[in-house]
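Worksheet: the structure to be examined is printed underneath.
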Amino acid sequence: VNQLNGDYLTNSYYKDSKGNELVSTIDKGLVVYKKTQLKTVKLPRNFHFDNFLSLASKDKKTILAGNYHGDVIQIKNDAFMVNNFNKVTSLRIRKIIVSGKEVFTFSDQGIFKNYIHPVLNPQNGTNYVAKAAISYSDSIILVGMYSGLLKLNTHTKKLSNLEPKNLRITAMAKANENFIYLGSNDGLYKYDVKQNKYASLKNTHPLLSDRVTALCITKDNLTWVGTANSIIVLKNDKFFAQININSTSRSIIASKLGNIWIATPQGVNKINYSINPKFLKYTVQNISAKDGLSSNEVQELLYKNDKIYA
């Protein structure tokens, strides 16, 4: 059963010959969900580790994808290349960030530059195990850990500790040059980069005391917070809307203004929305294996060249 929902009262449903779905509503007129065109990126027959966890864009034509086995594949047009690590065990590539001409990967084995050069703890020479990471500027990457937050200078390759030293960070998003949002097992936080201080936003809504699984900031200054079964939308750090998606958000990205895409264990949810002064108007469309996805288990999404990669 396909999942369609929104802030409307349903009257009837129809699916046309082209796969478009039409919902007749009592209060919002006719809502149309157009069939999404999907294309599978072909992998070589001898490459079997096709369970991917992370995605990144290297340049206008190149996509990087990290899997559960310590490989980062590079796809450019029809060319395919595998970048291997000096693996001790199979490891999950949790995040890939391209900074200038260098590729930084964040995995269970540590932080690496260009796949083979570890970025180590400056105090004891050990590896850091990263949970999340975001690009803060041309020279700074902020890294979320099992316990704490790090700053990585991509020019000097030096790491330094930041104030949330005991916070288990599960998700991150940059609001502006001054603030980033941090998701944790016990809710949502806002971190002041300039002051090196952070504050809890858990009192904003009861669900923001739950584990935060994904974060996204859109150009209209809305904060999208993923939890176990819902998306909480904040406007100026105050509750604005709750969207029930009945699945865990693993990744949230924005494409064009008014479009949000969410990776879940049940496929991809596309949210079309518009802002009224007092409420959010939205529709939710689920895209799953029956629509052409290779699997319903989607870990991360990437928007590039007007296309969504999953």
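Sequence positions, counted from 1, serve as the residue numbers for this chain.
Atom CD1 in Ile232 sits 10.0 Å away from atom OG in Ser249 (nearest 0.5 Å). Atom NZ in Lys58 sits 11.0 Å away from atom CD1 in Ile96 (nearest 0.5 Å). With rounding to the nearest 0.5 angstrom, the CG atom of Asn246 is 7.5 Å from the CD atom of Gln266. Considering CG of Asn203 and OG of Ser209, their distance stands at 6.5 Å, rounded to 0.5 Å. Remark: Asn221 CG to Leu234 CG distance equals 12.0 Å, nearest 0.5 Å. Distance check: Lys238 NZ to Thr223 OG1 gives 13.0 Å after rounding to the nearest 0.5 Å.
A donor-acceptor pair is defined here as one N or O able to donate and one able to accept, closer than 3.5 Å; no such pair exists between the side chain of Ser135 and the backbone of Ile141. Here the side chain of Asn276 pairs no donor or acceptor atom with the backbone of Lys278 at under 3.5 angstrom. In terms of modelled atom types and a separation under 3.5 Å, the side chain of Thr227 and the main chain of Ser230 share a donor-acceptor contact. The closest donor-acceptor contact from the side chain of Thr154 to the backbone of Ser139 lies under 3.5 Å. Between the Tyr136 side chain and the Glu177 main chain, a donor and an acceptor come within less than 3.5 Å of each other. Within the 3.5 Å criterion, the main-chain N or O of Ile287 finds no donor-acceptor partner in the side chain of Lys270. Not a single donor-acceptor pair under 3.5 Å links the side chain of Asn166 to the backbone N or O of Ser147. The closest donor-acceptor contact from the side chain of Asn67 to the backbone of Gly70 lies under 3.5 Å. Of the possible polar contacts, one joining the Thr264 side chain to the Gly267 backbone as a donor-acceptor pair under 3.5 Å is found. Judged by distance alone, with hydrogens and angles left aside, the side-chain atoms of Asn296 form a donor-acceptor pair with the main-chain N or O of Ala289 at under 3.5 Å.
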Item to complete: Assess whether side chain to side chain contact (heavy atoms under 4.5 Å, CB included) is satisfied between Phe179 and Val193, documenting all intermediate values.
Response: CA-CA 6 Å; Phe179 296 101; Val193 180; over 6 Å; no
Discussion item. Run the side-chain hydrogen bond (donor to acceptor under 3.5 Å, both in side chains) test on Lys281 and Ser274 for me, step by step, so that the C-alpha distance in whole Å, both residues' side-chain angles and the decisive distance to 0.1 Å come before the verdict.
Written reply: CA-CA 5 Å; Lys281 180 181 178 181; Ser274 59; 5.4 Å; no
Item to complete: Evaluate the ring-ring contact (aromatic ring centres under 6.0 Å, His included) criterion for residues Trp261 and Tyr309: first the C-alpha distance (whole Å), next the side-chain angles of each, then the deciding distance (0.1 Å), finally the verdict.
Response: CA-CA 11 Å; Trp261 303 76; Tyr309 291 84; over 10 Å; no
Practice prompt. Kindly determine whether Arg250 and Glu297 satisfy salt bridge (Lys or Arg N to Asp or Glu O under 4.0 Å), including the steps that lead there.
Written response: CA-CA 10 Å; Arg250 290 172 170 168; Glu297 290 281 346; 2.6 Å; yes
Item to complete: Could you go through the side chain to side chain contact (heavy atoms under 4.5 Å, CB included) check for Ser255 and Ile308 one step at a time?
Response: CA-CA 8 Å; Ser255 54; Ile308 301 292; 4.2 Å; yes
Fill in: Stepwise side chain to side chain contact (heavy atoms under 4.5 Å, CB included) check, Asp138 with His155
CA-CA 9 Å; Asp138 292 341; His155 292 168; 5.7 Å; no
Worksheet entry | Check against side chain to side chain contact (heavy atoms under 4.5 Å, CB included), Tyr273 and Thr283 | CA-CA 7 Å; Tyr273 73 92; Thr283 60; over 6 Å; no
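Nearest approach of Val298 to Ala310, heavy atoms of both residues: CG1-CB, 3.9 Å. Nearest approach of Val284 to Tyr282, heavy atoms of both residues: CG2-CD1, 3.8 Å. When all heavy atoms are compared, the tightest approach of Ser251 to Leu301 is OG-N, 3.5 Å. Here the closest heavy-atom approach between residue Met172 and residue Ile180 is recorded as CE-CD1, 4.2 Å. Nearest heavy atoms, Thr170 versus Ser184: OG1-N, 3.4 Å. In terms of heavy-atom proximity, Thr204 sits nearest to Leu201 at OG1-O, 2.9 Å.
Side-chain contact between Ile111 and Val143 is present, with heavy atoms from C-beta onward closer than 4.5 Å. You'll find the side chain of Asn229 stays beyond 4.5 Å of the side chain of Asn244, heavy atoms only. Contact annotation: the side chain of Lys190 never approaches that of Leu182 to less than 4.5 Å [non-hydrogen atoms, C-beta and beyond]. Using a 4.5 Å cut-off on side-chain heavy atoms (C-beta onward), Ile252 and Leu215 make no contact. Contact annotation: the side chain of Asn127 never approaches that of Val119 to less than 4.5 Å [non-hydrogen atoms, C-beta and beyond]. Here the side chains of Ile271 and Asn259 are not in contact, with every heavy-atom distance at 4.5 Å or above. Considering only heavy atoms from C-beta on, Ile275 comes within 4.5 Å of Asp220 through its side chain. Side-chain contact between Leu64 and Leu55: absent, with no pair of heavy atoms (C-beta onward) separated by less than 4.5 Å.
Residues Phe104 and Met145 are members of one and the same hydrophobic cluster, defined by side-chain heavy-atom contacts under 4.5 angstrom among Ile, Leu, Val, Met, Phe, Trp and Tyr. Residues Ile140 and Leu162 share a single hydrophobic cluster, defined by chaining ILVMFWY side chains whose heavy atoms lie under 4.5 Å apart. Leu120 and Leu159 fall into different hydrophobic clusters, defined by Ile, Leu, Val, Met, Phe, Trp and Tyr side-chain heavy atoms under 4.5 Å apart, directly or through other members. Hydrophobic clustering keeps Leu208 apart from Leu167 (ILVMFWY residues linked when any side-chain heavy atoms are closer than 4.5 Å, directly or through intermediates). Tracing side-chain contacts under 4.5 Å through hydrophobic residues (I, L, V, M, F, W, Y), one reaches Leu188 starting from Ile217; they form part of the same cluster.
The existence of a salt bridge linking Asp186 and Arg211 is excluded, since no basic side-chain nitrogen approaches an acidic carboxylate oxygen closer than 4.0 Å.
Residue Asn176 qualifies as enclosed at atom CG: its count of foreign heavy atoms under 6.0 Å is above 12. Summarising the local packing, NZ of Lys235 is surrounded by more than 12 heavy atoms from other residues, nucleotides or ligands at distances under 6.0 Å. The neighbour count for Lys113 NZ, taken as heavy atoms of other residues, nucleotides or ligands under 6.0 Å away, is above 12.
At a cut-off of 3.5 Å, with distance as the only test, a side-chain donor of Tyr128 or Asn121 sits close to an acceptor on the other residue. Side-chain atoms of Asn178 and Tyr191 form no donor-acceptor pair, as typed in the model, at a separation below 3.5 Å. Side-chain contact check for Tyr115 and Asp71: no donor-acceptor pair (N or O, by modelled atom type) lies under 3.5 Å.
Under the side-chain contact (heavy atoms from CB on, under 4.5 Å) test applied with Leu222, the options Asn236, Ile260, Leu280 reduce to a single match, Leu280. When the options Arg92, Gln299, Arg94, Glu300 are evaluated for a side-chain contact (heavy atoms from CB on, under 4.5 Å) with Ser54, the one that passes is Glu300.
In this structure, the ring of Tyr181 has its center no less than 6.0 angstrom from the ring center of Trp224.
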